[in-house]
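Computation of the quantities below employed the complete heavy-atom set of this structure, encompassing side-chain atoms and omitting hydrogens, waters and symmetry-equivalent molecules. Order of listing sets the numbers, starting from 1, for every ligand and every atom in it. In this chain, residues are counted from 1 in sequence order.
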Amino acid sequence: MAKTVLIVEDERAIVEILKFNLKREGYETLEALDGQTGPQLAQTEDPDLILLDVMLPKMNGFDICKTLRAENRTTPIIMLTAREEEMDKVFGLETGADDYMTKPFSVLELLARVRSLLRRTKEEEPEQPKLFDCGALHLDLETREVKVNGREVLLTYKEYELLKLLMTNAGIVTTRELILDRVWGIDFEGESRTLDMHIKTLRQKLKEEGSLIKTVRNVGYIMNGEK
Ligand code: CA
């Protein structure tokens, strides 16, 4: 079944370019030209991914993103920012966005990021373990559930993929390159602080178990069973 991408953007020309290219790639599209219709469509249509502009009439993209996350929506979100300075805010304000692109962006790169976010993890082999425990942290690959001391932790798509990679490789150092390749799936060229931001929010969300994720300076990260 075709995946649906919701475009929330007030510049008609950009909406048309995105629609044209997404449809050509086989996606269904929905569009909202302001910050009120955007979240409404996200709620009623439950799209598979949202492209979200920052500067919008009625409500800005940061607030929309935070609102959707506060409603426990885990739909992957790519923020479209107009200025370099805005991109720090995407993660700095803990909006819950999964990725961002600075305008003017390359359509090809945007499509690559959309594909990467929508790519479903391959079916695990039947004999592969589905449950992972590390300290009081519990991960269920089948239900995508993450719990700390039995309490469910709500993660965004990328945060979950990141934690899954670290937990399924517990005790082994996972390099930054491997994480960027596996979780983001594209060449990130100098934007690897996206990874640091995700590690930061992941640690915060895991609360007392956040310290299980250890930084291996200049190399990557490792998940240990002991804090
Ligand atoms: Ca705008």
Out of Thr29, Leu110, Val114, which residue meets the side chain to side chain contact (heavy atoms under 4.5 Å, CB included) rule with Leu18?
Leu110
Would you say CD of Glu71 has more than 12 non-hydrogen atoms from neighbouring residues, nucleotides or ligands within 6.0 angstrom?
yes
For Val173, which fellow cluster members are found when Ile, Leu, Val, Met, Phe, Trp and Tyr are connected by side-chain heavy-atom distances below 4.5 angstrom, either directly or through intermediates?
Val216, Val219, Ile222
Leu154: hydrophobic cluster co-members (side-chain, 4.5 Å)
none
Under 3.0 Å from the Ca ion (ligand 1), how many protein N/O/S atoms do you get? Just the number, please.
3
For residues Asp196 and Tyr221, is any side-chain donor paired with an opposing acceptor at under 3.5 Å?
yes
Does Lys58 have any side chain to side chain contact (heavy atoms under 4.5 Å, CB included) partners at least two apart in sequence or in another chain, and if so, which?
Asp34, Gln36
